[in-house]
Amino acid sequence: MFAIVGAAGKVGYSTSLALRKAGVPVRAILRDESKAGPLSEIGCDIALADLQDPAALGWVVANADAVQVILPPGGVGEMRRSIESLAEALEQARPNRVLAISDYGAHVREDIGMPTMFRIFEERLRQLEMPKVFLRSAEHMQGWGLVIPVVVAAGVLPSFHDPVDMEFPTISASDLGLIAADLLLHPNAGTDLQVVHAEGSRRYSANDVAVALSQLLGRMVTAQAVPRLQWQENFERFLSENAAKLLVDLYDAHNRGELVDVEPNGDVRYGATSLIDALRPLVPTVVDTN
C-alpha cells in the first residue's frame, strides 16, 4: 500500500491517480474530508489526519510500503512545525520508503528563502533510518494562475522574474505527480538516498508566459517586471508577512541566475506538459466570470 500525504493537492492527486492506474492500493491522507470525492472515485482508501498531529499522521501511514510527503508553504515557524511533525510521524510508522517533494535550490547552503526551508526539510529527513527519495521540483506552471485576473483586466502579466526574458525551470504539477509515481513504483534498489530534480521539457521566461496567455485569451499580453520595492506588499495580499519574506528572498536568488537550479551533476527527470497546456484549464474559468 502507498500512502500519499496531501493527496487532495494537484501533485498528490496526480501521484494517486497514476498509482491507481498501475493497479496498486493507495491510501489518500487528507485534512479536509470534503475533498475526498475525486480520490474515492479512483479507488483510494481515505484517511483523515492533520499535518500538525504527528501521532494521528503516524497512525494513518502505518503499514505503508512507501509514503509520499509534501511540505506546505507558509511562514518559517509554521513550516518548521510541519517538518518536525512529518518526521515524527515517519519515525513512528517506519515505512519501507519515503518520497519527499522538495524544491529546486534545496542544496544551496546560503539562505535563499523558500528553498532554504526545503533544505531544512531534507536535513531533518536524512536522520530517518529508511530509504528516501528527495524529489526536487521546479516552479509550478500553475502558479501563474494567481495573476490571470490581472492579465484579463489589464493585458499585463506581472512578473517577479526580472528580466522578463530570462528563462527559468518550471513544471506542470501533474507531471511532477507522474514522476513521483514512477519513482515510487520503480525504486532504486540498494540506494538509501536518491535525489531527483523535476522540470518541464524546456525552460520558459515570463515573456513566454505572456505569449501563451495571449494565445489563450485572444488578446495581446505583455510581461512586466514588478519593482523590487513592491514585492513584499504584493505577496502579503495572499500570505503572512513571514511567508512573503521567504518568497522575496527566493526571487532575489532566482534573479541572480544560478542559485535556484539543479544541483551540480544532479539527476533530472522531465515532464511532457507544455506551458500553454498547463495554463489552458486556468483561463476559461476566469474569462467566463467577467
Side-chain angles (χ1 to χ4, degrees), residues 4-19 21 68-73 99-108 112-115 117-119 121-122 133-148 157 159-161 164 166-186 194-213 216 223 246-247 250-251 253-255 257-283:
I4 309 298
V5 178
K10 292 182 178 66
V11 177
Y13 179 79
S14 177
T15 302
S16 301
L17 180 60
L19 292 174
K21 286 182 176 179
Q68 176 174 305
V69 297
I70 191 164
L71 178 65
L99 185 148
I101 305 296
S102 186
D103 198 15
Y104 267 38
H107 66 286
V108 177
I112 55 172
M114 191 63 73
M117 297 309 301
F118 283 90
R119 173 170 60 80
F121 184 37
E122 290 187 8
V133 179
F134 296 154
L135 178 55
R136 294 176 181 164
S137 171
E139 180 178 312
H140 291 187
M141 295 174 180
Q142 286 80 2
W144 291 96
L146 291 173
V147 296
I148 287 178
L157 174 75
S159 171
F160 300 100
H161 291 281
V164 294
M166 177 183 65
E167 294 184 345
F168 54 90
T170 185
I171 188 170
S172 169
S174 60
D175 282 351
L176 180 61
L178 291 175
I179 293 169
D182 185 64
L183 290 166
L184 288 169
L185 290 167
H186 305 99
Q194 184 181 9
V195 179
V196 180
H197 303 76
E199 61 179 84
S201 59
R202 57 157 290 196
R203 296 187 171 194
Y204 295 95
S205 67
N207 278 343
D208 293 324
V209 179
V211 169
L213 289 173
L216 292 170
L246 290 176
L247 291 184
L250 162 66
Y251 282 101
H254 255 307
N255 296 341
E258 297 182 0
L259 286 174
V260 186
D261 210 317
V262 177
E263 186 172 9
N265 303 313
D267 178 9
V268 185
R269 310 288 173 93
Y270 298 95
T273 304
S274 67
L275 176 66
I276 194 168
D277 286 338
L279 295 176
R280 193 183 308 277
L282 307 178
V283 171

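For this chain, numbers begin at 1 and follow the sequence in order.
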**Q.** Residues Arg280, Leu216; criterion side chain to side chain contact (heavy atoms under 4.5 Å, CB included); working and verdict
**A.** CA-CA 7 Å; Arg280 193 183 308 277; Leu216 292 170; 3.5 Å; yes

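- Gln142 contributes a side-chain N or O that, together with a main-chain N or O of Ala173, makes up a donor-acceptor pair within less than 3.5 Å.
- Scanning all heavy atoms of the two residues, the minimum distance from Ser159 to Trp144 falls at OG-CH2, 4.1 Å.
- A distance of 11.5 Å separates CD of Glu139 from CZ of Arg203, quoted to the nearest 0.5 Å.
- Nearest heavy atoms, Thr273 versus Asp175: N-OD2, 2.7 Å.
- Between Leu279 and Ala212, the shortest heavy-atom distance links the atoms CD1-CB, 4.1 Å.
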Q | Residue pair Ile171, Ile179: steps toward the side chain to side chain contact (heavy atoms under 4.5 Å, CB included) verdict | A | CA-CA 11 Å; Ile171 188 170; Ile179 293 169; 4.0 Å; yes

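- Of the residues Met141, Glu167, Met166, His161, the one that meets the side-chain contact (heavy atoms from CB on, under 4.5 Å) test with Tyr204 is Met141.
- In terms of heavy-atom proximity, Gly145 sits nearest to Leu282 at CA-CD1, 3.8 Å.
- Minimum heavy-atom separation, Leu259 to Ala253: CD1-CB, 4.1 Å.
- The aromatic rings of Phe160 and Tyr251 are tilted relative to each other, their planes meeting at an angle between 30° and 60°.
- A distance of 14.0 Å separates OG in Ser137 from CZ in Arg269, rounded to the nearest 0.5 Å.
- No side-chain donor-acceptor contact under 3.5 Å links Arg136 to the backbone of Val195.
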Q | Intermediate values then yes/no, side chain to side chain contact (heavy atoms under 4.5 Å, CB included), His140 and Lys10 | A | CA-CA 10 Å; His140 291 187; Lys10 292 182 178 66; over 6 Å; no

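- Taken from CD in Gln194 to CG in Leu135, the straight-line distance is 9.5 Å, to the nearest 0.5 Å.
- The minimum heavy-atom distance linking Thr15 with Ala180 is given by the pair OG1-CB, 3.7 Å.
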(Q) Test side chain to side chain contact (heavy atoms under 4.5 Å, CB included) on Arg202 and Asp208; report intermediate values, then the result. (A) CA-CA 11 Å; Arg202 57 157 290 196; Asp208 293 324; 3.2 Å; yes

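- Taken from CZ in Phe118 to OG in Ser102, the straight-line distance is 6.0 Å, to the nearest 0.5 Å.
- In this structure, CG in Leu213 is found 6.0 Å from CG in Leu157, a value given to the nearest 0.5 Å.
- Residue Met117 holds its CE atom at 11.5 Å from CG of Asp103, rounded to the nearest 0.5 Å.
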